[in-house]
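To keep things clear, I will list the structure first and then write my remarks on it.
Owing to the predicted nature of the structure, the values given are computational and were not obtained by experimental measurement.
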Amino acid sequence: MREALELAVRGLGRTAPNPPVGCVIVRGGQMVGRGFHPRAGEPHAEVFALREAGEQARGGTAYVTLEPCSHFGRTPPCADALIAAGVSRVVVAAPDPNPRVGGRGMERLRAAGLEVVVGVLADEALRQQAGFRSLIVRGRPWVVYKYAMTLDGRVAAVTGDSRWVSGEAARALVHRWRDEFDALAVGSGTVLADDPELTARGLPAGRDPRPVIFDRRGRIPGGARALRPGTVIVTAPDTDTGHLERAGVHLLRAGDLADALTGLGALGITSLLLEGGPTLAGALLAADLVDEVRVFVAPKVLGAGISPLAAPGRERMGEARALADVTVTPVGSDVLMRGLLQGVPQLEDQGAALAPF
């Protein structure tokens with residue numbers, strides 16, 4: 001299953017609105033087939049693994065990170081493919097939250113006489129599929145706020161200069177994350193101050209995330225470097241955006257931030273990496289719309305500067321939002337802290353499906 005999860009990583013940022021899925025076929029203690037879902041509309045992970053395994057799949061075990069589908073969509077049901085290949089056992093990391101599947105894939109496998117085991121490395125699979133699960137269950141993308149700060153909690157100097165808070169290793173990791181997220185979000189202030197490209201630079205086989213710019217008042221110029229086909233501009237319903245329309249971007253008019261995220265979900269965006277700035281991040285946090293935080297802490301002290309969040313303050317420490325599932329990892333000269341503000345969405349009745357096996 002760990003091999004299947006590693007294979008699924010190769011689909012991150014490429015499969016939306018589908019989930020990243022990996023599959024490994026094992027027979028006689030040997031891996032005979034491997035596969036992952038590369039993008040929506042192409043065969044699922046199980047199909048690629050079965051193709052590689054060929055006749056060796058018969059009597060073998062399939063390890064798959066998400067419950068095999070049981071319905072006809074853009075591709076045939078994977079449950080049927082596993083049955084037809086003669087697989088005798090299927091090990092599933094996590095059930096599918098999609099109501100069109102929701103346990104039916106496993107039911108179909110069991111009805112055909114296959115042994116089905118559920119819940120192997122489920123926590124890892126749920127985290128990996130967070131974007132897909134968020135879109136299916138909540139209708140909006142999984143939002144991750146990423147920033148880098150000094151030891152005294154500053155993301156920039158008093159002048160606004162922020163190059164660079166973190167080191168090269170941290171910046172390289174961020175570009176890898178950009179490659180794995182569907183979209184990258186910033187506010188209009190960041191565009192006006194830095195004119196970023198919002199790309200995944202330096203990755204030979206990388207792909208650029210879809211830029212999402214929150215610009216309620218239509219302040220950014222039509223020549224901004226982040227404007228390209230596919231760029232989403234989130235703005236107010238009555239904002240004059242003629243100069244942006246001429247740039248060929250997609251305009252998403254929303255009354256509030258919750259509506260904006262729902263609109264992004266309707267575009268098939270499952271995961272959103274939020275990189276700035278403090279005003280946008282603070283507003284999303286105050287609206288309870290941030291799911292995960294990833295912060296690099298650099299061994300530097302500024303003494304004064306810009307805070308990572310422009311949000312209403314709390315009067316008491318007991319009112320602070322606590323992160324769950326926190327990890328702390330050295331990255332070059334910096335330290336990366338990751339944690340969840342929201343639990344990974346899943347169907348309420350999946351607790352029974354993930355019972356001990």
Problem - Donor-acceptor contact present, side-chain Arg27 to main-chain Gly60, <3.5 Å - result: no
Practice task
Report the residues that fulfil side-chain contact (heavy atoms from CB on, under 4.5 Å) with Leu227, sequence neighbours left out, ordered by chain and then residue number.
Solution key: Ile213, Ile220, Ala224, Thr231, Ile233, Leu244, Ala247, Val249
Problem - More than 12 heavy atoms of other groups within 6.0 Å of Arg216 CZ - result: no
Exercise for the section: State whether the side chain of Asp334 and the backbone N or O of Leu336 hold a donor-acceptor pair below 3.5 Å, judged by distance alone. Expected result: no
Completion exercise
Taken in chain and number order and not counting sequence neighbours, the residues that satisfy ring-ring contact (aromatic ring centres under 6.0 Å, His included) with Phe181 are none
Problem - Side chains of Cys78 and Cys69 in contact at under 4.5 Å (non-hydrogen atoms) - result: yes
Handout entry: Distance-minimising heavy-atom pair for Met1 and Val64
Key = CE-O, 3.6 Å
Exercise for the section: Answer whether the closest heavy-atom distance between the side chains of Thr329 and Val335 falls below 4.5 Å. Expected result: no
Problem - Side-chain (Arg178) to main-chain (Thr199) donor-acceptor, under 3.5 angstrom - result: yes
Exercise for the section: Please examine the side chains of Leu12 and Val9, heavy atoms only from C-beta on, and report whether any two atoms are closer than 4.5 Å. Expected result: yes
Exercise for the section: For Tyr147, enumerate each residue passing the ring-ring contact (aromatic ring centres under 6.0 Å, His included) test, keeping only those at least two apart in sequence or located in another chain. Expected result: Tyr145
Problem - Rounded distance [0.5 Å steps], CH2 in Trp142 versus CZ in Arg133 - result: 11.0 Å
Handout entry: Lys/Arg-Asp/Glu bridge criterion (N-O < 4.0 Å) met for Arg140, Asp291
Key = yes
Practice task
Please name all residues satisfying side-chain hydrogen bond (donor to acceptor under 3.5 Å, both in side chains) with Thr150, sequence neighbours left out, ordered by chain then number.
Solution key: Asp152
Handout entry: Main-chain N/O of Glu46 paired with His44 side-chain donor or acceptor, under 3.5 Å
Key = no
Exercise for the section: Could you tell me whether Asp80 and Arg108 make a salt bridge, using a distance below 4.0 angstrom between a side-chain N and a carboxylate O? Expected result: yes
Fill in the blank from the handout: Applying side-chain hydrogen bond (donor to acceptor under 3.5 Å, both in side chains) to Arg110 and not counting sequence neighbours gives none
Problem - From CA spacing to verdict: side chain to side chain contact (heavy atoms under 4.5 Å, CB included), Thr279, Leu309 - result: CA-CA 6 Å; Thr279 300; Leu309 287 172; over 6 Å; no
Exercise for the section: Look only at the side chain of Thr239 and the backbone of Thr241, and say whether a donor-acceptor pair between them is shorter than 3.5 Å. Expected result: no
Problem - For Ser134, side-chain hydrogen bond (donor to acceptor under 3.5 Å, both in side chains) partners two or more places apart - result: Arg138
Problem - Atom CD of Glu115 with >12 non-hydrogen neighbours under 6.0 angstrom - result: yes
Exercise for the section: Starting at CG of Leu5, measure out to CZ of Arg127 and round the result to the nearest 0.5 Å. Expected result: 12.5 Å
Exercise for the section: Identify, with sequence neighbours excluded, every residue that meets side-chain hydrogen bond (donor to acceptor under 3.5 Å, both in side chains) alongside Ser166. Expected result: none
Handout entry: Main-chain N/O of Val344 paired with Gln129 side-chain donor or acceptor, under 3.5 Å
Key = no
Practice task
For Lys146 and Val293, indicate whether the former's side chain and the latter's backbone hold a donor-acceptor pair under 3.5 Å.
Solution key: no
Problem - Heavy-atom side-chain proximity of Arg253 to Leu251 below 4.5 angstrom - result: yes
Handout entry: Closest non-hydrogen atom pair between Arg228 and Pro209, with its separation
Key = NH2-O, 3.9 Å
Practice task
Could you grab the distance from atom CD1 of Ile136 to atom CG of Asp96, nearest 0.5 Å is fine?
Solution key: 7.0 Å
Practice task
If a pair satisfies ring pair (Phe, Tyr, Trp, His ring centres under 6.0 Å) and one of its residues is in residues 208-255, list it, with sequence neighbours excluded.
Solution key: none
Handout entry: Results of salt bridge (Lys or Arg N to Asp or Glu O under 4.0 Å) for Arg338 - residues two or more places apart only
Key = Glu292
Handout entry: Value rounded to 0.5 Å, distance of CG in Leu341 from CG in Leu284
Key = 11.5 Å
Exercise for the section: Determine yes or no for a side-chain-to-main-chain donor-acceptor pair under 3.5 angstrom, with Arg10 supplying the side chain and Gly22 the backbone. Expected result: no
Exercise for the section: Using the test salt bridge (Lys or Arg N to Asp or Glu O under 4.0 Å), find all partners of Glu3 that sit at least two apart in sequence or belong to another chain. Expected result: Arg34
Practice task
Could you tell me whether Arg104 and Glu67 make a salt bridge, using a distance below 4.0 angstrom between a side-chain N and a carboxylate O?
Solution key: no
Problem - Shortest non-hydrogen contact from Pro20 toward Thr15 - result: N-OG1, 3.6 Å
Practice task
Carefully, step by step, assess Leu252 and Leu264 under the rule side chain to side chain contact (heavy atoms under 4.5 Å, CB included).
Solution key: CA-CA 8 Å; Leu252 174 57; Leu264 294 175; 3.8 Å; yes
Handout entry: Presence of salt bridge, Arg2 and Glu124, under 4.0 angstrom
Key = yes
Handout entry: ILVMFWY cluster, Val331 and Met149 together (side-chain gap under 4.5 Å)
Key = no
Problem - Non-hydrogen atoms of Ser88 and Gly59 that approach each other most closely - result: OG-O, 3.1 Å
Handout entry: Backbone N/O of Leu302 and side chain of Arg154: donor-acceptor pair under 3.5 Å
Key = no
Practice task
Could you list all the side chain to side chain donor-acceptor pair (under 3.5 Å) pairs where at least one residue sits in residues 186-195, not counting sequence neighbours?
Solution key: Ser188-Arg219
Fill in the blank from the handout: Between the CD atom in Gln128 and the CG atom in Leu121, the distance rounded to the nearest 0.5 Å is 10.5 Å
Handout entry: Side-chain donor or acceptor of Asp215 paired with backbone N/O of Thr235 under 3.5 Å
Key = no
Problem - Met31/Tyr63 under side chain to side chain contact (heavy atoms under 4.5 Å, CB included): CA gap, chis, key distance, verdict - result: CA-CA 10 Å; Met31 294 186 189; Tyr63 292 84; over 6 Å; no
Practice task
Find out whether the Lys NZ or Arg CZ of Arg294 is both under 6.0 angstrom from the six-membered ring centre of Trp177 and within 45° of the ring's axis.
Solution key: yes
Problem - Validation row: Leu280, Leu274 side chains within 4.5 angstrom (heavy atoms) - result: yes
Problem - Presence of salt bridge, Asp288 and Arg321, under 4.0 angstrom - result: yes
Exercise for the section: Kindly give the heavy-atom pair with the smallest separation between Pro68 and Val92, and that separation in Å. Expected result: CD-CG2, 4.0 Å
Exercise for the section: First locate atom CD of Gln30, then atom CD of Gln56, and finally report the distance between them rounded to the nearest 0.5 Å. Expected result: 9.5 Å
Problem - Ala16 versus Thr270, closest heavy-atom pair with distance - result: CB-CG2, 4.0 Å
Handout entry: 4.5 Å side-chain heavy-atom contact, Leu82 and Val90
Key = yes
Handout entry: Any residue meeting salt bridge (Lys or Arg N to Asp or Glu O under 4.0 Å) with Glu319, in chain and number order, not counting sequence neighbours
Key = none
Handout entry: Residue pair Thr61 / Val91, side-chain heavy-atom distance below 4.5 Å
Key = yes
Handout entry: Contact check, side chains of Leu184 and Glu275, non-hydrogen atoms, under 4.5 Å
Key = yes
